[in-house]
Number of protein chains: 2
Amino acid sequence: MKLSTKGRYAVMALADIAKFDDNNPVSLRDISLRQGISLLYLEQIFSMLKKNQIVESVRGSNGGYKLTKSPDQIKISNIFSAVQENIKTVGCKKESKKGCNGKSAKCITHNLWDELELHINEFFNKKNLSDLVKGKNENRV
Amino acid sequence: MKLSTKGRYAVMALADIAKFDDNNPVSLRDISLRQGISLLYLEQIFSMLKKNQIVESVRGSNGGYKLTKSPDQIKISNIFSAVQENIKTVGCKKESKKGCNGKSAKCITHNLWDELELHINEFFNKKNLSDLVKGKNENRV
DNA sequence: TCTAAACTTGACTATTTTACTATGGTATAT
DNA sequence: ATATACCATAGTAAAATAGTCAAGTTTAGA
């Protein structure tokens, strides 16, 4: 069970932007250099973030990306759902696998995985971007 | 972020055994049929569970596996660590990747992932096998 | 005693997912 | 005008997942 880079990079990049409280757009090139993430990969991720109104873009030179809302209004869960980093604890929800379909027998552990999903999502709903940038600039590269 | 079948199957299989409170060993063949898990795959998983003293085996015909402890003493976290289903939220712990090594710059989101790991592990430490088999036999296949 | 049922072990493999890279654009500040 | 930035789609190498295959050993019971 591991977190993929897509979700992790998305949060890292947005936290990087959030560290500046001014309204200037931040270029992907800068984020790429600071966070050590491939520029082309970042572009992919930001395309999704933009589609989901987490960020807005400013084109042209000196352009880049800005957050659409203030950091305390952007929850980790918002970011994860935008880049389709979702939690999957159980395969027997949609598919009707043997031992766990709509019929009589429900797999013994089904409830456990549902609870786990809730438990994890609760965490992502509680945390927002501003939680990450407390003590701004202290570790800036 | 998803749970692999190895961990899920291990818990399912052990819960299946725990449903019987008697001391008779349960054969992998029976578990395989009831839970719809490949017998050969189960053998692999139980080899690990045995090495970690979660179960003990009884050889010969009418043999099978028994729990070494009572269900309420077997935590989900014990099972997961036995089959090496571990939580990995961050890649920059051991490897010294750019942007997050031992030096000055610590990746902005590092603490978040550590907290997430703690949050998830807390759940696995709280839950044990007996939590799963409450209302025993009601949905038995 | 014999044999089938059960456990044991290690190697192997197909499929899927991840984590990107490559290519070829379009838009715009300077 | 042009360099710098965003935008979009396709491809792909490596790793992880989810098993299978083969070749045993052990032992209860006929």
Side-chain angles (χ1 to χ4, degrees), chain A residues 1-13 17 24-33 35-52 54-66 68 80 83-92 95 97-98, chain B residues 1-13 17 24-33 35-52 54-66 68 80 83-92 95 97-98:
Chain A
M1 186 173 204
K2 66 181 246 233
L3 199 65
S4 75
T5 53
K6 218 186 293 194
R8 208 169 70 231
Y9 287 175
V11 176
M12 283 168 70
I17 296 177
N24 295 325
V26 180
S27 76
L28 293 188
R29 190 178 155 277
D30 286 350
I31 297 175
S32 166
L33 289 171
Q35 304 297 331
I37 304 170
S38 146
L39 177 60
L40 288 149
Y41 199 27
L42 272 179
E43 288 180 353
Q44 255 182 61
I45 292 168
F46 272 76
S47 158
M48 295 186 273
L49 292 174
K50 194 189 172 190
K51 273 198 193 89
N52 288 274
I54 307 288
V55 293
E56 57 194 22
S57 67
V58 178
R59 308 192 77 154
S61 62
N62 292 326
Y65 287 94
K66 296 192 294 184
T68 53
F80 276 14
V83 298
Q84 279 149 325
E85 170 81 55
N86 36 22
I87 314 301
K88 272 182 197 149
T89 51
V90 59
C92 50
E95 316 139 42
K97 285 259 184 81
K98 201 177 174 183
Chain B
M1 186 171 207
K2 67 181 243 231
L3 199 65
S4 76
T5 54
K6 216 184 299 194
R8 209 169 70 231
Y9 288 174
V11 176
M12 283 169 70
I17 296 176
N24 295 324
V26 180
S27 77
L28 293 188
R29 192 176 153 279
D30 286 351
I31 298 175
S32 166
L33 289 171
Q35 304 297 331
I37 303 169
S38 148
L39 176 61
L40 288 146
Y41 199 26
L42 272 178
E43 287 178 352
Q44 248 183 67
I45 293 168
F46 272 76
S47 158
M48 294 186 271
L49 293 174
K50 195 190 171 187
K51 272 200 192 89
N52 288 274
I54 309 286
V55 294
E56 57 195 22
S57 67
V58 178
R59 307 190 77 154
S61 62
N62 292 326
Y65 286 94
K66 296 193 294 183
T68 54
F80 275 15
V83 298
Q84 279 151 325
E85 169 81 56
N86 37 21
I87 313 300
K88 273 182 196 146
T89 51
V90 58
C92 50
E95 317 136 40
K97 285 262 184 77
K98 199 177 176 185

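The chains referred to below are lettered A, B, ... by the order of the sequence lines, with proteins before strands, and numbering in each begins at 1.
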Compare every heavy atom of [Y] with every heavy atom of [X], then report the nearest pair and how far apart it is.
X: A:Leu3; Y: A:Arg8; answer: O-NH1, 4.0 Å
X: B:Lys6; Y: B:Val83; answer: CD-O, 3.7 Å
X: B:Glu85; Y: A:Met1; answer: OE2-N, 2.8 Å
X: B:Ser32; Y: B:Ser38; answer: OG-C, 4.2 Å

In whole angstrom, what separates [X]'s [atom1] from [N]'s [atom2]?
X: A:Met48; N: C:dA19; atom1: CE; atom2: C1'; result: 11 Å
X: A:Leu42; N: C:dA19; atom1: CG; atom2: P; result: 14 Å
X: B:Leu33; N: C:dA5; atom1: CG; atom2: C1'; result: 14 Å
X: A:Ile37; N: C:dA19; atom1: CD1; atom2: P; result: 12 Å
X: A:Leu39; N: C:dA22; atom1: CG; atom2: C1'; result: 13 Å
X: A:Glu43; N: C:dA19; atom1: CD; atom2: P; result: 18 Å
X: B:Glu56; N: C:dA6; atom1: CD; atom2: P; result: 18 Å
X: B:Leu40; N: C:dA14; atom1: CG; atom2: P; result: 17 Å

Covered region of DNA chain D, 5' end to 3' end, by chain B [heavy atoms, under 4.0 Å]: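 In short, chain B contacts DNA chain D from D:dA18 to D:dG29.
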- prompt: Out of C:dA11, C:dC7, C:dC20, which has the shortest distance to the side chain of B:Tyr65?
  reply: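 Looking only at side-chain atoms, B:Tyr65 lies closest to C:dC7.
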message: The side chain of A:Gln44 is closest to which nucleotide in this list: C:dC20, C:dT17, C:dA19?
response: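 Looking only at heavy atoms from C-beta outward on A:Gln44, the closest nucleotide is C:dC20.
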field: Residue met sooner reading DNA chain D from 5', once B:Ser38 and A:Lys51 are mapped to nucleotides
entry: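 Nearer the 5' end of the strand: A:Lys51.
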- request: For a side chain to side chain contact (heavy atoms under 4.5 Å, CB included) with B:Tyr65, tell me which candidate from B:Val55, B:Ile31, B:Val26 qualifies.
  value: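 One option only clears the test, and that one is B:Val55.
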query: Closest nucleotide of DNA chain C for A:Ser61 versus for B:Ser57: which of these residues is on the 5' side?
result: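 Its nearest nucleotide lies further toward 5', so the answer is B:Ser57.
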query: Counting only distance, no hydrogens or angles, is the base of C:dT26 paired donor-acceptor with the side chain of A:Arg59 under 3.5 Å?
result: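 Between C:dT26 and A:Arg59, which were checked side chain against base, a qualifying N/O pair under 3.5 Å is present.
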message: Rounded to the nearest 0.5 Å, what separates atom NZ in A:Lys66 from atom CD1 in A:Ile54?
response: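 A:Lys66 atom NZ to A:Ile54 atom CD1 measures 16.0 Å (nearest 0.5 Å).
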Could you list the donor-acceptor pairs under 3.5 angstrom formed by side chains in residues 39-51 of chain B, with sequence neighbours left out?
residue: B:Tyr41; atom: OH; partner: B:Thr5; partner atom: OG1; Å: 3.3
residue: B:Lys50; atom: NZ; partner: B:Ser57; partner atom: OG; Å: 3.1

